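Step one of this worksheet: look at the structure below.
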Amino acid sequence: QVQLVESGGGLVQAGGSLRLSCAASGRTGSFYAMGWFRQAPGKERDFVAAIGSNIYYTDSVKGRFTISRDAVNTVYLQMNSLKPEDTAVYYCALNLGPAAEGVREGRADYWGQGTQVSVSS
């Protein structure tokens with residue numbers, strides 16, 4: 001069983017920055033891919049970024065967001081130059097395999113509960 005806990009969301013003005021964290025606990029193993037999705041009100045959940053054997057970003061965040069990992073099963077999403085259209089609940093995802101492509105394609109074995117990011121103009 002794996003648990004994912006997101007943190008770091010909040011309210012920020014356009015052009016500002018936030019750093020999201022997702023801490024994974026439980027039996028994750030040594031090889032897994034993690035990533036971030038977001039869902040705005042009334043919209044579908046969309047892929048944002050994934051990290052594993054490779055790193056992927058959706059086009060709308062390239063050059064502004066950076067995904068990274070550390071040695072304690074934690075994934076980060078550094079979000080710079082935030083725009084109002086980035087407003088959404090951001091969800092952490094984990095696949096029990098090394099291929100980030102799976103996360104990019106929407107497959108996840110585990111999901112976090114989400115953290116709200118609100119960007120004002």
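A quick note: this is a predicted structure, and the numbers were derived from the prediction, not measured. When reading the values below, keep in mind they use all heavy atoms of this one structure, side chains included, and skip hydrogens, waters and symmetry mates.
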Taking atom [atom1] of [X] and atom [atom2] of [Y], what is their separation to the nearest 0.5 Å?
X	Y	atom1	atom2	value
Ser60	Lys83	OG	NZ	8.0 Å
Gln78	Leu20	CD	CG	9.0 Å
Arg107	Asn95	CZ	CG	7.0 Å

task: Sort and list the pairs that fulfil ring pair (Phe, Tyr, Trp, His ring centres under 6.0 Å) and have at least one residue in residues 87-121, not counting sequence neighbours.
output: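 Listed by first then second residue: Phe37-Trp111.
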Transitive ILVMFWY side-chain link [X] to [Y], under 4.5 Å:
X	Y	answer
Phe47	Leu77	no
Ile55	Leu94	yes
Val89	Leu18	no

(Q) Between Tyr56 (side chain only) and Gly35 (backbone N and O only), is there a donor and an acceptor less than 3.5 Å apart? (A)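 Absent.
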Ala23 backbone acceptor or donor facing Thr74 side chain under 3.5 Å
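Checking the backbone N and O of Ala23 against the side chain of Thr74, no donor-acceptor pair under 3.5 Å is found.
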[X] to [Y] - nearest heavy-atom pair and separation:
X	Y	result
Ala50	Ala100	CB-O, 3.8 Å
Ser68	Arg19	OG-NH2, 4.4 Å
Ile67	Tyr57	N-OH, 2.9 Å
Ala40	Ala88	N-CB, 3.8 Å
Cys22	Met34	SG-CE, 3.9 Å

Is there a side chain to side chain contact (heavy atoms under 4.5 Å, CB included) between Val103 and Trp36? Walk through the geometry before answering.
CA-CA 8 Å; Val103 175; Trp36 293 93; over 6 Å; no
Exercise. Please, which pairs that meet salt bridge (charged side-chain N to carboxylate O under 4.0 Å, His left out) have at least one residue in residues 32-53, sequence neighbours excluded?
Worked result: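 Of all non-adjacent pairs touching residues 32-53, those that pass salt bridge (charged side-chain N to carboxylate O under 4.0 Å, His left out) are Arg38-Asp86.
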For this session: Starting from the C-alpha separation in whole Å, work towards a yes-or-no answer on side chain to side chain contact (heavy atoms under 4.5 Å, CB included) for Phe65 and Thr58.
Result: CA-CA 10 Å; Phe65 291 10; Thr58 192; over 6 Å; no
Within a strict 4.5 Å, meaning less than it, do heavy atoms of the Val2 and Asp109 side chains meet?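 No, side chains not in contact.
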Side-chain atoms of residues 4-17: list all donor-acceptor pairs with protein atoms under 3.5 Å, sequence neighbours left out, distances to 0.1 Å.
unit_1 : atom_1 : unit_2 : atom_2 : d
Glu6   : OE1    : Gln113 : N      : 3.1
Glu6   : OE1    : Gly114 : N      : 3.0
Glu6   : OE2    : Cys92  : N      : 2.8
Glu6   : OE2    : Gly114 : N      : 3.2
Ser17  : OG     : Asn80  : OD1    : 2.8

